[in-house]
Chemist: 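Supplied in structure tokens, the structure appears directly below.
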Amino acid sequence: QVQLVESGGGSVAAGGSLRLSCAASGRSFSHYAMGWFRRFPEKEREFVAVIGGDNGKAYYTDYVKGRFTISRVKGENTVYLDMNSLKPEDTAVYYCATPLGSSCPIRRADYVSWGQGTQVTVSS
């Protein structure tokens, strides 16, 4: 059974940084893409970033380009999201997710496994 567990959320002042981690278990994820989404109150989850399985290519939503970095260590079932220059509008619950293959989808519907989420709160 696939399990994704996020950690690293918390509260930070605007301009600060946080690193989120997602530990995956249940199968090998080295060939699978892994992504991050976030959910604002009373909104659907929206795409933040994804990193490919085999090629390690990364894609970001425009709102976080230049501020967030997604990464993974080859051979490890862990993906990271380094968030810098955080803004109050980044406040959300952040979710780790994985699709079925190595491609990098940005649609929520293409992801089949999800973590429980971790809260990130940025104060002004």
Side-chain angles (χ1 to χ4, degrees):
Q1 182 179 352
V2 172
Q3 186 175 20
L4 304 175
V5 179
E6 303 96 336
S7 60
S11 298
V12 64
S17 300
L18 283 173
R19 169 177 255 206
L20 304 184
S21 300
C22 173
S25 61
R27 60 172 167 85
S28 173
F29 288 85
S30 59
H31 298 297
Y32 291 82
M34 297 185 76
W36 287 96
F37 285 71
R38 62 186 179 184
R39 181 176 59 81
F40 300 112
E42 301 181 9
K43 295 287 183 67
E44 294 288 348
R45 298 175 192 182
E46 65 174 40
F47 170 76
V48 175
V50 62
I51 187 166
D54 294 318
N55 59 25
K57 291 188 69 174
Y59 301 90
Y60 301 89
T61 182
D62 287 344
Y63 299 125
V64 306
K65 280 181 181 177
R67 299 190 298 123
F68 292 12
T69 303
I70 188 171
S71 63
R72 65 194 302 175
V73 177
K74 193 173 183 180
E76 293 186 5
N77 283 350
T78 304
V79 64
Y80 304 96
L81 186 68
D82 288 294
M83 305 186 296
N84 298 309
S85 301
L86 282 162
K87 305 175 182 180
E89 51 264 43
D90 292 317
T91 295
V93 179
Y94 285 72
Y95 297 87
C96 174
T98 183
L100 282 176
S102 61
S103 63
C104 296
I106 64 172
R107 294 192 314 155
R108 186 176 66 249
D110 291 324
Y111 288 77
V112 296
S113 299
W114 295 85
Q116 82 288 350
T118 185
Q119 177 71 46
V120 170
T121 302
V122 185
S123 58
S124 57

Chemist: Identify the heavy atoms of Ala58 and Ile70 that sit nearest to each other, and give their distance.
Modeler: CB-CG2, 3.6 Å
Chemist: Nearest 0.5 angstrom please: Arg39 CZ to Glu44 CD, how far?
Modeler: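 So the gap between those two atoms works out to 9.0 Å.
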Chemist: Is any side-chain heavy atom of Tyr60 less than 4.5 Å from a side-chain heavy atom of Arg67?
Modeler: no
Chemist: When you group the ILVMFWY residues by side-chain heavy-atom contacts below 4.5 Å and let the links chain together, are Ile106 and Phe37 in the same group?
Modeler: yes
Chemist: Between Trp36 and Tyr80, is there a shared hydrophobic cluster once you connect ILVMFWY residues whose side-chain heavy atoms come closer than 4.5 Å?
Modeler: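 No, Trp36 and Tyr80 fall in different hydrophobic clusters.
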Chemist: Do you know the tightest heavy-atom contact between Arg27 and Asn77?
Modeler: O-ND2, 3.2 Å
Chemist: Any chain of hydrophobic side-chain contacts (each under 4.5 Å) joining Tyr32 to Val50?
Modeler: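 No; tracing contacts between hydrophobic side chains, which count when under 4.5 Å, never links both residues.
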Chemist: So, Thr98 side chain and Met34 main chain: donor-acceptor pair closer than 3.5 Å or not?
Modeler: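 Checked: no pair found.
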Chemist: How far does CG of Leu18 sit from OG1 of Thr118, to the nearest 0.5 angstrom?
Modeler: 9.0 Å
Chemist: Can a donor-acceptor pair be found, under 3.5 Å and without considering hydrogens, that links the side chain of Arg72 to the backbone of Gly52?
Modeler: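 Pair found, side chain donor or acceptor close to backbone of Gly52.
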Chemist: Side chains of Leu86 and Phe68, heavy atoms from C-beta outward: is any pair under 4.5 Å?
Modeler: yes
Chemist: Count I, L, V, M, F, W, Y as connected when their side-chain heavy atoms are under 4.5 Å apart, and connections chain through other members. Are Ile51 and Phe47 then in the same cluster?
Modeler: no
Chemist: Could you give the distance from CG (Leu4) to SG (Cys22), rounded to the nearest 0.5 Å?
Modeler: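 Interatomic distance, Leu4 CG to Cys22 SG, rounded to 0.5 Å: 4.5 Å.
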Chemist: Could you check if a side-chain atom of Glu89 sits within less than 4.5 angstrom of a side-chain atom of Val122, using non-hydrogen atoms only?
Modeler: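 No, side chains not in contact.
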Chemist: Taking all non-hydrogen atoms of both residues, which atom of Ser85 and which atom of Ser17 are closest, and how far apart?
Modeler: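 It is N-OG, 4.4 Å.
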Chemist: Check whether any side-chain heavy atom of Leu20 sits under 4.5 Å from a side-chain heavy atom of Met83, and report yes or no.
Modeler: yes
Chemist: Identify the two heavy atoms, one from Gly115 and one from Tyr95, that lie closest to each other, and give their separation to 0.1 Å.
Modeler: O-CD2, 3.6 Å
Chemist: Measuring only between side-chain heavy atoms, which start at C-beta, is Val73 closer than 4.5 Å to Thr78?
Modeler: no
Chemist: Taking atom CG of Asp110 and atom SG of Cys104, what is their separation to the nearest 0.5 Å?
Modeler: 11.5 Å
Chemist: Examine Val64 and Val79 and state if one hydrophobic cluster contains both, with Ile, Leu, Val, Met, Phe, Trp and Tyr joined whenever side-chain heavy atoms are less than 4.5 Å apart.
Modeler: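 Yes; Val79 is reachable from Val64 via cluster members.
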Chemist: Is a salt bridge present between Lys65 and Asp62, judged by a nitrogen-to-oxygen distance below 4.0 Å?
Modeler: yes
Chemist: Just by modelled atom types, is the Gln116 backbone N or O under 3.5 Å from a matching donor or acceptor in the Glu6 side chain?
Modeler: yes
Chemist: Classify the ring geometry between Trp114 and Tyr111 as parallel (under 30°), tilted (30 to 60°) or perpendicular (over 60°).
Modeler: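 If you compare the ring of Trp114 with that of Tyr111, the planes turn out tilted.
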Chemist: If you compare all heavy atoms of Gln119 against all heavy atoms of Ala92, which two are closest, and at what distance to 0.1 Å?
Modeler: NE2-O, 3.4 Å
Chemist: Can you name the nearest heavy-atom pair linking Ala14 to Ser124, along with the distance?
Modeler: CB-CA, 4.3 Å
Chemist: Look at atom OH of Tyr63 and say whether more than 12 heavy atoms of other residues, nucleotides or ligands are closer to it than 6.0 Å.
Modeler: no
